[in-house]
Amino acid sequence: MRNEQLSDIFEEMADIMEILGEDRFRINSYRKVARVIHDCVKDVSVLAGAGKLQELPGVGKSSAEKINEFVHAGTIKAHRDLLKKIPPGLLEMLKIPGMGPKGAAAVWKGLKVTDLDKLKKAIEDHSLEKLAGFGAKKAEAIGRGIEFIKSAGERILLIEAELIADYIIRELKAKTSVKRIEAAGSLRRGCETVGDIDLLAMAKDGGKVIEAFVHLAEVEQVLLAGGTKASVRFAEPEFCRDVVQVDLRIVPTASMGAALQYFTGSKHHNVRLREIAIKKKYKLNEYGLFRGDKQMAGKTEEGIYDKLGLAYVAPALREDRGEVEAALKGELPELVELGDIRGDLHMHSPASDGREEIEALAAAAQGKGYKYIAITDHSKSSVIANGLDVRRLQANIKKIKQINEAFKDFTVLASTEVDILMDGSLDYPDEVLAELDFVIASVHSGLSGPKERNTRRILRALENPYVNCLGHPTGRMIQVREAMDLDMEAIIARAAQTHTALEVSASPLRLDLNDAHCRLAVEAGVKLIINTDAHDTQGLDLMRYGVATARRGWVKKSDVLNCQPVGALRRWVKDKRTSHK
DNA sequence: GCCGTTTTCGGCCCGACTGTTTTCAGTCG
């Protein structure tokens with residue numbers, strides 16, 4: 001929470017300095033600090049207390065002082081002073097597409113326009129278009145931009161972006177002679193939400209591909225269309241709640257790797273690469289890696305990383321969160337892959353709120369090459385999910401064991417997703433849990449409590465010898481419901497002590513743990529379990545989103561319990577139970 | 001403001017597109 005706030009302050013200081021026309025490198029350093037704080041999973045006040053702020057890359061003496069000031073006083077004088085120098089409405093203007101800091105400064109100084117309403121009036125009375133540097137077209141574009149930010153939707157979910165990208169790729173392949181077309185950007189990096197969709201195409205006649213693209217039926221507005229790139233607003237209610245921007249670039253064959261690298265980003269990762277390129281007397285851009293005019297690499301991404309002296313960095317890691325340093329040293333983790341997953345340990349049958357029978361779930365899992373599943377129906381407190389009381393649970397266990405007898409090389413584990421009650425006790429007594437092969441414990445109610453109480457509640461559940469996995473640990477639903485306020489470091493430490501796994505829910509709306517928490521967890525030696533929480537056989541297909549999230553959290557195959565054979569899993573369950581006796 | 005396998009001072013990523021220009025600045029990704 002606090003990191004977020006502080007990051008916003010540094011960002012705002014940078015915005016104000018930009019409007020004031022201050023040194024752009026100084027401004028950049030403020031933005032870097034904002035980003036580093038935003039990405040930092042540890043609370044800055046903890047780092048400040050330990051005197052470790054300057055260990056953050058980009059944070060020097062001056063920024064560390066400002067952060068300390070914020071931690072102690074809740075506000076920063078330099079920030080307050082900057083705010084006094086401009087009318088507050090100007091910051092709002094920066095959000096308008098096509099309106100940057102120079103534009104905001106110009107309308108403020110030239111027309112005394114200080115907020116969106118006055119800007120709108122200046123467009124209507126044609127005074128804006130008479131201002132130097134502006135004109136009729138620009139004024140009109142800004143007018144549209146104001147409307148846009150008023151109606152602008154949020155970022156879309158990874159799964160929605162994937163569906164739209166797949167659809168466009170299919171259409172363009174069908175309608176044109178495009179040779180190769182791929183998604184790049186945050187979609188390729190597997191980010192939990194996507195702001196806009198980047199597509200790259202290799203084609204002989206790029207003009208025709210652009211033409212076909214901007215004429216797709218779902219294109220609501222063409223933002224720009226040149227010879228090698230086009231941007232549109234794409235509306236497809238079937239996929240997505242909002243309109244999303246899609247950018248298409250046409251790329252020559254010799255540059256496909258360079259373009260893929262460049263447009264996959266992140267921006268910050270790319271800046272680091274270009275700095276390394278310069279040091280090695282190269283120039284790196286979307287067309288390739290050059291020495292003078294000679295292309296040294298660019299057909300493949302691997303070639304570029306190799307020539308720069310880096311190990312190949314998987315898209316999931318390209319966030320400038322230490323991957324460049326690790327790649328230089330050849331110390332990148334070997335990330336978990338979808339094919340490593342041997343079983344899915346969280347799904348619901350019709351006994352609670354699932355829609356398909358255990359036999360169908362087992363068959364679908366076998367179709368994926370899995371060796372085991374766990375049936376984890378809800379416990380009695382989850383009334384709306386038709387949770388099982390002890391009697392129904394025991395009937396379910398019996399049924400699962402019968403079904404299991406039919407399999408040779410596949411196991412259906414009798415399990416539960418037991419509710420963690422308000423005081424941290426569980427919804428079934430220990431002697432009932434002891435009858436199960438595997439136990440997930442989850443919080444489903446009272447998520448909005450204070451941090452101390454929430455944390456205490458979960459810590460107690462982790463202590464239970466029968467709890468093997470904490471289900472969707474923070475309870476967040478992306479863009480729908482906030483995460484529980486938790487001391488995640490304390491929970492990770494206790495999970496490590498008690499040999500309890502943490503779940504990475506692959507449900508595209510959850511992705512919980514998130515990438516940053518995954519990384520903290522594996523650094524602390526905690527095992528993760530990537531699960532779909534499926535309610536039907538189709539739900540089992542969502543595993544890839546959980547794997548994508550884990551990969552972004554630097555998770556290796558060896559960190560993931562459900563990459564292990566069922567025997568190892570059973571031993572792991574047994575170990576926790578016996579160590580408590 | 002930050003940083004150092006050129007550097008403790010002098011650098012700090014790169015190109016496309018647009019609209020305003022009369023040769024380029026601003027914005028964006």
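The nearest heavy atom of DNA chain B to Thr228(A) and to Val271(A) marks one nucleotide each, and the one closer to the 5' end goes with Val271(A). Nearest-nucleotide mapping onto DNA chain B: of Asn285(A) and Leu94(A), the residue sitting toward the 5' end is Asn285(A).
Residues His79(A) and Leu83(A) form a side-chain contact, since some pair of their non-hydrogen atoms from C-beta on lies under 4.5 Å apart.
Remark: the separation of the P atoms in dC14(B) and dT20(B) is 29 Å, to the nearest Å. Taking atom P on both dT27(B) and dT21(B), the two are 15 Å apart, rounded to the nearest angstrom. Taking atom C1' in both dT7(B) and dC12(B), the straight-line distance is 12 Å, to the nearest Å. When the P atom is used for both dT6(B) and dG1(B), the distance is 27 Å, rounded to whole Å. Between dG15(B) and dC9(B), the distance separating the two P atoms is 31 Å to the nearest Å. When the P atom is used for both dT22(B) and dC28(B), the distance is 23 Å, rounded to whole Å.
Rounded to whole angstrom, the span from the CD1 atom of Ile67(A) across to the P atom of dG1(B) amounts to 13 Å. Spacing between atom CD1 of Ile142(A) and atom C1' of dT18(B) amounts to 12 Å, rounded to whole angstrom units. In this structure, CD of Glu140(A) is placed 15 Å from P of dT18(B), rounded to the nearest angstrom. Atom CZ of Arg249(A) and atom C1' of dC28(B) are 10 Å apart (whole Å). Atom CD1 in Ile276(A) sits about 15 Å away from atom C1' in dC12(B), given to the nearest Å. A straight line from NZ of Lys61(A) to P of dG1(B) spans 10 Å, rounded to a whole angstrom. Atom pair Ile210(A):CD1 and dA16(B):C1' shows a separation of 12 Å (rounding to whole Å applied). For the pair Lys267(A) NZ and dC12(B) P, the computed distance is 17 Å after rounding to whole Å.
Looking at every heavy atom in both residues, Ile16(A) comes nearest to Leu82(A) through CG2-O, 3.6 Å. Val107(A) and Met93(A) make their closest contact through CG2-SD, 3.8 Å (heavy atoms, listed as atom of the first residue, atom of the second, distance). Here the shortest heavy-atom pairing between Lys32(A) and Pro57(A) reads CE-O, 3.9 Å.
For the side chain to side chain contact (heavy atoms under 4.5 Å, CB included) test with Phe263(A), the passing option among Leu199(A), Leu200(A), Asp247(A), Asn270(A) is Leu200(A); the others fail.
Side-chain nitrogen and oxygen atoms of Lys229(A) include none within less than 4.0 Å of the OP1 or OP2 phosphate oxygen of dC28(B). The phosphate of dA16(B) has OP1 or OP2 within less than 4.0 Å of a side-chain N or O from Tyr287(A). For the OP1/OP2 pair of dC17(B) and a distance below 4.0 Å, the side-chain nitrogens and oxygens of Ser231(A) include no atom meeting the criterion. Contact check, Ser62(A) against dG1(B): a side-chain N or O comes under 4.0 Å of OP1 or OP2.
At least one donor-acceptor pair under 3.5 Å links the side chain of Glu323(A) to the backbone N or O of Glu319(A). With hydrogens and angles ignored, the 3.5 Å screen pairs no side-chain donor or acceptor of Thr176(A) with any backbone N or O of Lys173(A). Not a single donor-acceptor pair under 3.5 Å links the side chain of Asn514(A) to the backbone N or O of Thr549(A).
Looking at heavy-atom distances under 4.0 Å, Lys280(A) makes no contact with the nucleic acid at all. No contact: Leu273(A) has no heavy atom under 4.0 Å from any strand. Contact annotation for Gly265(A): no contact, since no heavy-atom pair falls under 4.0 Å across all strands. Residue Ala259(A) is classed as having no contact, given no heavy-atom separation below 4.0 Å to the nucleic acid. Among the heavy atoms of the strands, none lies under 4.0 Å from Arg272(A). Residue contacts shown for Ile96(A) are limited to sugar-phosphate atoms, with no base heavy atom under 4.0 Å away.
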Anything under 3.5 Å between a protein N or O and an N or O of nucleotides 19-22 of chain B, put it in a table, one pair a line.
unit_1: dT20(B); atom_1: OP1; unit_2: Gly135(A); atom_2: N; d: 3.0
unit_1: dT20(B); atom_1: OP1; unit_2: Gly135(A); atom_2: O; d: 3.2
unit_1: dT20(B); atom_1: OP1; unit_2: Ala136(A); atom_2: N; d: 3.4
unit_1: dT20(B); atom_1: OP1; unit_2: Lys138(A); atom_2: N; d: 3.2

Could you go through nucleotides 4-9 of chain B and list every protein N or O atom that sits under 3.5 Å from one of its N or O atoms, giving the distance for each pair?
none

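Classification of Asp81(A) and Lys77(A) as a salt-bridged pair holds, one side-chain N sitting under 4.0 Å from a carboxylate O. Salt-bridge formation is detected for the pair Asp205(A)/Lys208(A): a Lys NZ or Arg NE/NH1/NH2 atom is positioned less than 4.0 Å from an Asp or Glu carboxylate oxygen. At a threshold of 4.0 Å, the pair Arg35(A)-Glu11(A) does not count as salt-bridged, since none of the basic side-chain nitrogens sits closer than that to a carboxylate oxygen. By the 4.0 Å N-to-carboxylate-O rule, Glu92(A) lies too far from Lys120(A) to be salt-bridged with it.
Look at dG1(B): its Watson-Crick or wobble partner, with both distances under 3.5 angstrom, is dC12(B).
Cation-pi geometry between Lys280(A) and Tyr282(A) is not met: the NZ or CZ atom fails to fall both under 6.0 Å from the ring centre and inside 45° of the normal.
Within residues 28-42 of chain A, the residues that place at least one heavy atom under 4.0 Å from DNA chain B are, in residue-number order, Ser29(A), Tyr30(A).
Using a 30° and 60° split on the angle between ring planes, Tyr312(A) and Tyr305(A) fall in the perpendicular class, above 60°.
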For Asp515(A) and Arg321(A), run salt bridge (charged side-chain N to carboxylate O under 4.0 Å, His left out): C-alpha distance rounded to whole Å, both residues' side-chain angles, the deciding distance at 0.1 Å, then the answer. CA-CA 12 Å; Asp515(A) 52 359; Arg321(A) 294 177 184 164; 3.6 Å; yes
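Side chain of Glu286(A), nearest nucleotide from dG29(B), dG1(B), dG15(B): dG15(B). You'll find that the side chain of Tyr262(A) is closest to dC14(B), out of dC14(B), dT27(B), dC12(B). Checking dG15(B), dG26(B), dG1(B) against the side-chain heavy atoms of Arg26(A) singles out dG1(B) as nearest. Listed nucleotides dT18(B), dG26(B), dA16(B) differ in distance to Leu224(A); the shortest reach to its side chain belongs to dT18(B). When distances are taken from the side chain of Phe25(A) to each of dT27(B), dG1(B), dG15(B), the shortest belongs to dG1(B).
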